[in-house]
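Right, one structure below, let's go through it.
Numbers here simply count residues along the sequence, with the first being 1.
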Amino acid sequence: RVDFTLTVGAVTEQITITDAPPVVETEQARVSGRIDRIQLKEIPLNGRNLFNLVALQPGVLGRGRSVAEGGGSRAGNDPFSGEASAIINAGGQRTEANNFTVDNASINSGVRGGFTNIVPSAEAVEEVRVTVTNVSAVDGRNSGAQVEVITKSGTNEFHGGVIYYFQNNTLSSRNTFEATVPVFRRHQFGYTLGGPIVKNRTFFFTTYEGLRQSGGRGSVATVETPEFRDFVARTRPNSIAARLLGEFRPLVYPSTNFRDLGSPRSGVNAIGPADGIPDVGSAVWSAPSTRDANQFQLRIDHELRPGKDRLYGNYYRNKGESLDANLRPAFDRRFLETSQFANLNHTHIFSPISINEFRAGVIRLVGGNEKPPRPDIPNISISGATGFPLGQFPNGWWQTNWTFKNVLSLVRGSHTLKLGGEYRRDFANNVNTSNYIPSYSFASILDFADDEALSMSRSVDPRTGEPKTVYVGARTREWALFVNDDWKLRPNFSLTLGLRYEVYGSIRDSHTLTNLIFGPGQDYTERLANARVDIVKELYPTAYTNFGPRFGFSWDPTARGLMAVRGGYSLAFDRIYSLRIASYAANPPIVGTATLGPQL
């Protein structure tokens, strides 16, 4: 099962998730300074993505289904996507403002706000804490929900189990484009095992979860007819169109909505009279898709000095591949991604009232589509018909994020002090290039038959005219200092006072970085008119004024744990994610797009 805990001030609400039919129970916890604890037990977890349940928390709006970058079979409703996001708004903040950690180490994407690079298997998770109103100064980096995942550890006894879930199309309904319900199969399976390595000193806990999924949904596309294909082969046997139409045939040809668009005529966008040949029609087809993925996790706990020093670490490896088929199978490209996460936590007890925790973590994502099977065929788009899609090439990304954090906790009478700092280093690289291999567009399928392109586009180096890839090597440094005091003035009244200082370093690039540089002038308009785009060292000046005060209180007027009045104020700062500004790598003077043809 998985425990969800929501903490707002002195209020705690907990949700426990397993995989049985839902049962709702309510219990009162008569604890001074706390209101009732509500437990929702045994909620089914569709897809087994535990972040889908964050939307159930009070103060959170959104839908209980995560999304993944790329869509298709990587829809995100499982724990295997390398870039997934819970689409929620916490406390009125943007989705990009949410922060995710595993054992207090960041699993956030450095490229996309509100996305994670790994989703832990539910079997490996002991508890999930969701803080909507962030009063404590210990947590920062974002102003939205603070989602903290706590993993399971081994014990002095061996425990384990196996899991298997199966889903198919038996209870599905067909959509508009399907004559029958297409076949769908989803197998999700795994195991858990935990126990001692050395009694009372060293323990392990490991999990594995796998996915094997296949199936697709029906859709409609406009494609050429066999009659048009044969017409081109007969009348223009040496044309490029005849070769492409013959060699790269669609999975299915049209069955409805046949149209005679006219006849090929010399000249771009020139159409001759109707020739009685149906040129295009509507093809109804089911796009086959597959998704295979595996996630492995291992946690080791060790008592270095019993009662004094405790050390534990976690390692996750998530690897998946998926395929969303193209109408022309020769252009199918699998999508591959691998996520790895490791963290280390050291706790030192100086005394019963003094504890220090040091945490370090790293997460890395490598992903992208495999090499095109036919890189000799360029991107070809045809207005009003299905073309020949190459996709981006070269294509891929590799992201690495490091996190270090130290927290010293001191208890002094009615005060619980926490002070410390953290440091983060993000590396975001990608080579997503659209037109390294030229892209051709045609005004109609009739022009395509005559090899008369409307335009050709290609990515080039503006300084040399040579083909150029789009490369991003964004680098950022971030650090923070904080002090927080939880002050119990009375048994029924508590205060939280804190201050957090956040520094988000400017974005730099390991290769080349460009930005708009204002020119001379008397006002903004003149400076903008005289501006130029040029190579710079950093994108913007680093701000050193991000001081975030925190204040919160909790009051029980009855002093019997039956009521709570709470409130607070906090000032938090969101970081800038590199995806929003990474287009600099596709702009002059680094890369330009050369287009031949009518400039419409």
Side-chain angles (χ1 to χ4, degrees), residues 1-5 15-20 42-54 66 68 76-82 84 86 100-107 116-129 147-167 186-198 202-213 291-302 311-321 337-345 361-365:
R1 76 184 197 182
V2 181
D3 294 328
F4 265 67
T5 303
I15 293 180
T16 302
I17 295 96
T18 62
D19 297 286
E42 300 178 346
I43 296 179
L45 185 55
N46 182 27
R48 297 181 52 75
N49 184 329
L50 59 90
F51 289 145
N52 289 342
L53 298 161
V54 177
S66 296
N77 200 34
D78 59 52
F80 301 102
S81 295
F100 298 83
T101 61
V102 170
D103 292 332
N104 289 299
S106 172
I107 58 171
T116 65
N117 287 150
I118 201 164
V119 179
S121 170
E123 302 299 325
V125 175
E126 179 72 26
E127 183 180 2
V128 179
R129 301 169 185 166
V147 182
E148 302 175 64
V149 176
I150 310 300
T151 61
K152 293 179 181 178
S153 62
T155 65
N156 272 328
E157 296 181 354
F158 286 99
H159 293 280
V162 295
I163 59 172
Y164 176 72
Y165 301 89
F166 174 70
Q167 182 181 356
R186 181 192 185 99
H187 303 268
Q188 215 162 332
F189 49 88
Y191 68 80
T192 65
L193 181 63
I197 299 176
V198 178
T202 310
F203 312 92
F204 77 95
F205 189 87
T206 180
T207 64
Y208 164 79
E209 189 164 348
L211 174 70
R212 303 295 182 267
Q213 178 178 307
R291 178 164 167 76
D292 296 341
N294 301 280
Q295 184 180 116
F296 171 81
Q297 176 263 344
L298 173 65
R299 170 169 166 161
I300 301 292
D301 292 71
H302 179 62
L311 188 69
Y312 74 86
N314 236 323
Y315 173 74
Y316 279 85
R317 179 180 172 85
N318 187 89
K319 186 174 183 179
E321 64 176 59
E337 61 181 351
T338 301
S339 299
Q340 297 185 79
F341 168 75
N343 77 305
L344 186 67
N345 185 303
V362 58
I363 188 163
R364 178 171 173 81
L365 168 67

### Query
Who pairs with S153 by side-chain contact (heavy atoms from CB on, under 4.5 Å), at least two apart in sequence or on another chain?
R299, D301
#### Entry: Any residue meeting side-chain contact (heavy atoms from CB on, under 4.5 Å) with H187, in chain and number order, not counting sequence neighbours
Y164, F166, R185, F189, R212
Taking every non-hydrogen atom, the tightest pair across [X] and [Y]:
| X | Y | value |
| --- | --- | --- |
| N49 | V119 | OD1-CG1, 3.5 Å |
| P120 | V125 | CB-CG2, 3.9 Å |
| S106 | I363 | O-CG2, 4.0 Å |
| R291 | S81 | NH2-OG, 3.4 Å |

### Summary
With sequence neighbours left out, the residues meeting side-chain hydrogen bond (donor to acceptor under 3.5 Å, both in side chains) with N104 are none
### Query
Residues two or more places apart in sequence or in another chain: which of them pass side-chain hydrogen bond (donor to acceptor under 3.5 Å, both in side chains) with S121?
E209
### Query
What is the distance from atom CG of L365 to atom OG1 of T338, rounded to the nearest 0.5 Å?
8.0 Å
### Query
Sub-3.5 Å donor-acceptor pair from the side chain of N117 to the main-chain atoms of I107, do we have one?
no
### Task
May I ask you to decide if Q297's main-chain N or O and T206's side chain share a donor-acceptor pair within less than 3.5 Å?
yes
### Query
Listed by chain and number, what are the ring pair (Phe, Tyr, Trp, His ring centres under 6.0 Å) partners of F158, not counting sequence neighbours?
none
### Query
Residues in ring pair (Phe, Tyr, Trp, His ring centres under 6.0 Å) with Y316, at least two apart?
none
### Query
Any luck finding a side-chain donor-acceptor pair between E123 and Y208 under 3.5 Å?
no
### Message
For a quick check under 3.5 Å, do N345 and D103 share a side-chain donor-acceptor pair by atom type?
### Response
no
